[in-house]
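Heads up, the thing below is written out as structure tokens.
Sequential numbering from 1 along the given sequence is applied to the chain's residues.
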Amino acid sequence: MAVLECKGLACAYDGKLVIKGVTFAIGAGETVALLGPNGSGKSTLLKACSKTHPYRAGSLRLGADEITNLEHQEVARRASFVPQEEPATFPFKVRDVVAMGRLSLSKGLFDTPEDIKAAEDAMNFTDCLELAERPMTQLSGGERQRVLIARAVAQGAPLMLLDEPTSHLDVGHQLALIKLLRNMASSGTALLTAIHDLNTAPLLADRAILLRDGGIALDGSVEEILRSPSLDETYGVEFQRIEMPSGRLLVIPR
């Protein structure tokens, strides 16, 4: 059974369709990159899959159930969401923010020994344990991003949705995050990741979905899509393809 399945999905903002006729499914342990230019619908699709934006038509299932039939707490048990940005409005400690990922699972106020251990494991896993006692308002953008990912890890859902997860990270932490996400996938977590940097896609995912004007232009292996003329058409750019000695493919605008 797919952990996520969309059929003919349509979403709108202010009455204007931004996602239309989108159909795909993701299985356990599968890594999928969402590609497409700004305004193609990547973030809207992720929000629909986390039940933070309603859809107008079609079907969206988490496991065996239509998402509209699930309470938000049950959605959180099945899918975690890492936004591109989340303003640090209140000075919550990092430890408490990560522990909030346990809210859908905990029988108490996410302070059971199991919850505390899960939060600490998640912080250690994402290299932010040293930030545990720091308030979120005093962190850099990259540090906050690692904390948001740790919160999603602590949530322990079978599907993780990520919106540009590497955008605020330095190169070292980008590579560490890629390794972390790959390890999660090898343990069975399905990943759907919106990616802005096309050359990061092969590192993070095996499969890609290319969005254009709110619909799917291509769905296939990352390399297949990076090599396709549809990539140039979608972005309105002529790309040069460079084969590295390692076999990795790079795409660079001419």
Side-chain angles (χ1 to χ4, degrees), residues 1-7 9 19 22-37 40-43 45-46 48-50 60-63 78-82 84 125-126 145 149 152-153 155-167 169 171 173-212 215-235 239-252:
M1 181 184 296
V3 295
L4 171 67
E5 183 179 30
C6 296
K7 289 184 178 180
L9 196 70
I19 290 287
V22 167
T23 297
F24 69 95
I26 300 176
E30 194 170 6
T31 54
V32 181
L34 275 180
L35 306 179
S40 59
K42 299 188 300 295
S43 295
L45 181 55
L46 291 177
C49 293
S50 61
L60 197 165
R61 303 176 77 87
L62 290 177
R78 302 187 190 197
S80 58
F81 179 50
V82 180
Q84 186 174 352
F125 199 44
T126 54
Q145 189 70 1
I149 294 168
V153 171
Q155 200 168 324
L159 170 66
M160 185 179 288
L161 309 163
L162 304 105
D163 194 358
E164 307 283 359
T166 62
S167 60
L169 302 181
V171 173
H173 280 107
Q174 283 185 26
L175 294 175
L177 173 62
I178 289 166
K179 183 178 179 181
L180 181 154
L181 294 175
R182 284 293 194 174
N183 287 340
M184 292 180 64
S186 66
S187 299
T189 302
L191 305 173
L192 179 61
T193 309
I195 299 176
H196 181 72
D197 181 0
L198 294 174
N199 291 311
T200 301
L203 303 178
L204 268 172
D206 299 317
R207 174 184 161 200
I209 294 172
L210 179 63
L211 295 178
R212 181 168 62 208
I216 295 180
L218 278 178
D219 182 348
S221 72
V222 173
E223 182 170 345
E224 174 190 351
I225 289 177
L226 292 184
R227 290 188 184 278
S228 172
S230 288
L231 189 76
D232 308 60
E233 296 166 8
T234 298
Y235 283 88
F239 287 107
Q240 180 180 4
R241 276 78 173 173
I242 300 174
E243 194 91 37
M244 302 296 288
S246 64
R248 182 182 170 196
L249 180 68
L250 296 181
V251 292
I252 300 172

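For the residue pair Gln174 and Thr166, the shortest heavy atom distance occurs at NE2-O, 3.5 Å. The shortest heavy-atom contact between Arg78 and Leu62 is NH1-O, 2.8 Å. Taking all atoms of both residues into account, the shortest heavy-atom contact from Gln145 to Leu169 is CB-CD2, 4.1 Å. Summarising the geometry of Ser230 relative to Leu218, their closest heavy-atom pair is CB-CD1, 3.7 Å, with the distance given to 0.1 Å. Listed here is the closest heavy atom pair of Ala157 and Thr189: O-CG2, 4.0 Å. For the residue pair Pro202 and Arg182, the shortest heavy atom distance occurs at O-NH2, 3.4 Å.
Side-chain atoms of Asp232 come within 3.5 Å of backbone N or O of Phe239 as a donor-acceptor pair. Side chain of Ser50 to backbone of Leu46: a donor-acceptor contact under 3.5 angstrom is found. Within the 3.5 Å criterion, the main-chain N or O of Leu162 finds no donor-acceptor partner in the side chain of Thr193. When atom types are taken as modelled, the side chain of Asp206 and the backbone of Ser221 share no donor-acceptor pair closer than 3.5 angstrom. Judged by distance alone, the side chain of Glu223 and the main-chain N or O of Leu249 form no donor-acceptor pair under 3.5 Å. Between the Arg248 side chain and the Asn199 main chain, a donor and an acceptor come within less than 3.5 Å of each other.
Of the inter-residue distances, the one linking Phe125 atom CZ with Ile149 atom CD1 reads 11.0 Å to the nearest 0.5 angstrom. In this structure, CG on Leu180 lies 12.5 Å from CG on Leu175, to the nearest 0.5 angstrom. In this structure, CD1 on Ile225 lies 9.5 Å from OG1 on Thr234, to the nearest 0.5 angstrom. Here the CG-CG distance, from Leu159 to Leu191, works out to 8.0 Å after rounding to the nearest 0.5 Å. In this structure, Gln84 CD and Ser43 OG are separated by 6.0 Å, a value rounded to the nearest 0.5 Å. The structure places CG of Leu34 at 8.0 Å from SG of Cys49, a figure rounded to the nearest 0.5 Å.
Residues Leu4 and Leu60 are in side-chain contact: their nearest non-hydrogen atoms beyond the backbone lie under 4.5 Å apart. Residues Leu231 and Arg241 meet the side-chain proximity criterion, which asks for heavy atoms closer than 4.5 Å. By the 4.5 Å heavy-atom criterion applied to side chains, Asp219 and Arg207 are counted as neighbours. The shortest distance between side-chain heavy atoms of Val222 and Leu204 does not fall below 4.5 Å. Residues Leu45 and Leu9 are in side-chain contact: their nearest non-hydrogen atoms beyond the backbone lie under 4.5 Å apart. Inter-residue side-chain proximity for Phe24 and Leu192 is flagged as met; some heavy-atom pair is nearer than 4.5 Å. By the 4.5 Å heavy-atom criterion applied to side chains, Ile216 and Leu211 are counted as neighbours. Looking only at side-chain heavy atoms (C-beta outward), Ser80 and Met160 come within less than 4.5 Å of each other.
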- Applying side-chain contact (heavy atoms from CB on, under 4.5 Å), run through Lys42 and His196 and close with a yes or a no. CA-CA 10 Å; Lys42 299 188 300 295; His196 181 72; 5.7 Å; no
- Item | Criterion side-chain contact (heavy atoms from CB on, under 4.5 Å) on Ile242 and Gln240, from CA distance to verdict | CA-CA 6 Å; Ile242 300 174; Gln240 180 180 4; 4.2 Å; yes
